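Just so we're clear, the structure is a prediction, and the values are computed from it rather than from any experiment.
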Amino acid sequence: KAGQGGNQWSNLGDDGHVYTAPVGSYKSSASWCGAFDMAGNAYEWVQDVYAPYPPGPRVDPLGPASGERRVRRGGSFDVEFYFGLCAKRGEHPPHDRRRDEGFRVVMDF
């Protein structure tokens, strides 16, 4: 259940599911292109190796070719809801798996 931290925001993330919600549970929150579940539920592992963003404007900057830590996007059911933004970017070692991490399957129509 999201928001276990006990602060003023805790009840805002309670969606009735103990862990992840089933895919497509929130159809009214689909993105402009019809993608569901883009924020929260589970952290999203991405291909990029983590490095801080370079200064200045950036459009899909390439990360380093190798490194120990990988990029994670979004938030999960196990953190405060305000961390669940799609743009949230963090890093985590791939060998330290958590129950609230996953990946996004993408299909081109």
**Item:** P64 versus Y50, closest heavy-atom pair with distance
**Value:** CG-O, 4.0 Å
**salt bridge (charged side-chain N to carboxylate O under 4.0 Å, His left out) partners of R72, counting only residues at least two apart** =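 If we apply the salt bridge (charged side-chain N to carboxylate O under 4.0 Å, His left out) test to R72, skipping adjacent residues, the hits are E101.
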**Message:** To the closest 0.5 Å, what do you measure between NE2 (H92) and OH (Y43)?
**Reply:**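 So the NE2 of H92 and the OH of Y43 are separated by 9.0 Å.
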**Request:** Indicate yes or no: at least one non-hydrogen side-chain atom of K88 is less than 4.5 angstrom from one of R73.
**Result:**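 Side chain of K88 against side chain of R73, heavy atoms only: no contact under 4.5 Å found.
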